[in-house]
Amino acid sequence: MRAPARNHKIKGMSALRDAPRAAELLEWYDRHARDLPWRIGPRARAAGLRPDPYRVWLSEIMLQQTTVPAVKPYFEAFTARWPTVVDLAAAEDADVMAAWAGLGYYARARNLLKCARVVAEEHGGVFPASHEGLLALPGVGPYTAGAVAAIAFDIPATVVDGNVERVMARVHDEHTPLPQAKPVLTEMAAALTPDARPGDYAQAVMDLGATICTPRNPACGLCPWRGACAAWEAGTMAELPKKAPKKRKPVRHGIAYLARRVDGAWLLERRPDKGLLGGMLGWPGSDWGDDPQEAPPIRAEWKTIEAEARHTFTHFHLRLTLRTALVPMDRAPCRGDFIESSDFRPGDLPTVMRKAFDLARGG
DNA sequence: CATACGTGGGG
DNA sequence: TCCCCAAGTAT
């Protein structure tokens, strides 16, 4: 009897390896699926339930380059405050940006609102039920379109995120470094994607990557695909996926000005939509570079705080010199606006600006 | 295709 | 302290 399911490519003294099968992964998922606020579990899905596309989309946007623990409280807050995409579409920009503060990658929040308004105004408040339609939405790329199509609509889309790349690289012992390997890893993922249970399958691979096939110390002993894993056989799982070497982050310097009016109001400035921290509230200040120039937003006696605020962004380290001043009621700023003490919440600021506030208030 | 774009947690 | 990373997208 032939064994067509066997992989006969033999490396060294290895035993025959099984081909990875979606069914094995789905069986594992049926027993080990994570319980997440935006998710419909495999049992409920089998009973015919589907998750709300709005919640799936919202979670997928939040989860871009962001961990599940970081997302959970934001997801709860957003869905409590804006239960439907139409509610979100009607929100004030500043409220959404404030609610997103601390989660990072703020272009996501701007695109989130754009997308909600497109869905509300051009699609009657209903998310498009196709990969192509989803892909056309602001902030929705190939991954998110596939994930929403599969999870919310059970469309058999190939979903390739960082988890899938890692799992495919290991299962096939693929040593080509990322991002060069992306096309071949996508092909491998497509070859494994089943027609049945696309939503469960997409979540199953991501759960596998998040809980078993982790970047460090993978729990291969618990893996449903261990018998099919070429990296396990070769002992290379810890070094996969290979990645192009990273550049060192340069250090940039800046000055931030924290002005408090005698009535307690704080001088803040809305940053332009484009660029770093775009659309967020922040302290007025200098540019961030090698040699920042003074740029006080209002005439005052500025005092420099001893400690500088340190913060690391995606591509540089920032050391922020903080200057504070107390200014009288009748003096007008040349940049920014005073926000009444009762209207100001530090939590509305992006983290770097909140750090500056904490330092200035504490010192 | 390379780069810009945040943050918090873990080793 | 420092580096790596986490369900990517836009340009």
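Every chain is numbered from 1, with letters handed out A, B, ... down the list of sequences. What you are looking at is a predicted structure, and each value in this text was computed from that prediction instead of being measured. Values below: every heavy atom of this structure, side chains too, minus hydrogens, waters and symmetry copies.
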Side-chain N or O of [X] closer than 4.0 Å to phosphate OP1/OP2 of [N]:
X: Lys274(A); N: dA10(C); answer: no
X: His311(A); N: dT7(B); answer: yes
X: Arg110(A); N: dT9(C); answer: no
X: Thr351(A); N: dG8(B); answer: yes

Among [options], which nucleotide has an atom closest to any side-chain atom of [X]?
X: His315(A); options: dG6(B), dA4(B), dG8(B); answer: dA4(B)
X: Arg216(A); options: dA10(C), dC5(B), dG10(B); answer: dG10(B)
X: Lys243(A); options: dT11(C), dC5(C), dG6(B); answer: dC5(C)
X: Gln65(A); options: dT9(C), dG8(C), dC5(B); answer: dG8(C)

Checklist entry - Judged by modelled atom types alone, do Lys355(A) and His311(A) share a side-chain donor-acceptor pair under 3.5 Å? => result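 His311(A) and Lys355(A) do have a side-chain donor-acceptor pair below 3.5 Å.
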Next on the checklist: With rounding to the closest Å, how many angstrom separate the P atoms on dG6(B) and dT11(C)?
Outcome noted: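 dG6(B) and dT11(C) have their P atoms separated by 14 Å.
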Item to check | Aromatic contact, Trp302(A) with Tyr257(A) (centres under 6.0 Å) | outcome: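 Centroid separation for Trp302(A) and Tyr257(A): below 6.0 Å.
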Next on the checklist: Taking the ring centre of each residue, are Trp57(A) and Phe127(A) less than 6.0 Å apart?
Outcome noted: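 Yes; Phe127(A) has its ring centre under 6.0 Å from that of Trp57(A).
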If I take atom [atom1] in residue [X] and atom [atom2] in nucleotide [N], what distance separates them, rounded to the nearest angstrom?
X: Leu318(A); N: dT7(B); atom1: CG; atom2: P; answer: 11 Å
X: Met353(A); N: dT7(B); atom1: CE; atom2: P; answer: 9 Å
X: Tyr106(A); N: dT9(C); atom1: OH; atom2: P; answer: 19 Å
X: Lys249(A); N: dA4(B); atom1: NZ; atom2: C1'; answer: 12 Å
X: Lys182(A); N: dT9(C); atom1: NZ; atom2: P; answer: 8 Å
X: Lys246(A); N: dC5(B); atom1: NZ; atom2: C1'; answer: 14 Å
X: Trp100(A); N: dC5(B); atom1: CH2; atom2: C1'; answer: 13 Å
X: Met280(A); N: dG6(B); atom1: CE; atom2: P; answer: 9 Å

Next on the checklist: To the closest 0.5 Å, what do you measure between CG (Leu240(A)) and CD (Glu165(A))?
Outcome noted: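 CD of Glu165(A) is found 12.5 Å from CG of Leu240(A).
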Checklist entry - How long is the gap from CZ on Arg252(A) to OG on Ser286(A), to the nearest 0.5 Å? => result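 Reported value, rounded in 0.5 Å steps: 12.0 Å.
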Tell me if the side-chain of [X] makes a donor-acceptor pair with the base of [N], cut-off 3.5 Å, by modelled atom types.
X: Thr314(A); N: dG6(B); value: yes
X: Tyr105(A); N: dG6(B); value: yes
X: Thr66(A); N: dG6(B); value: yes

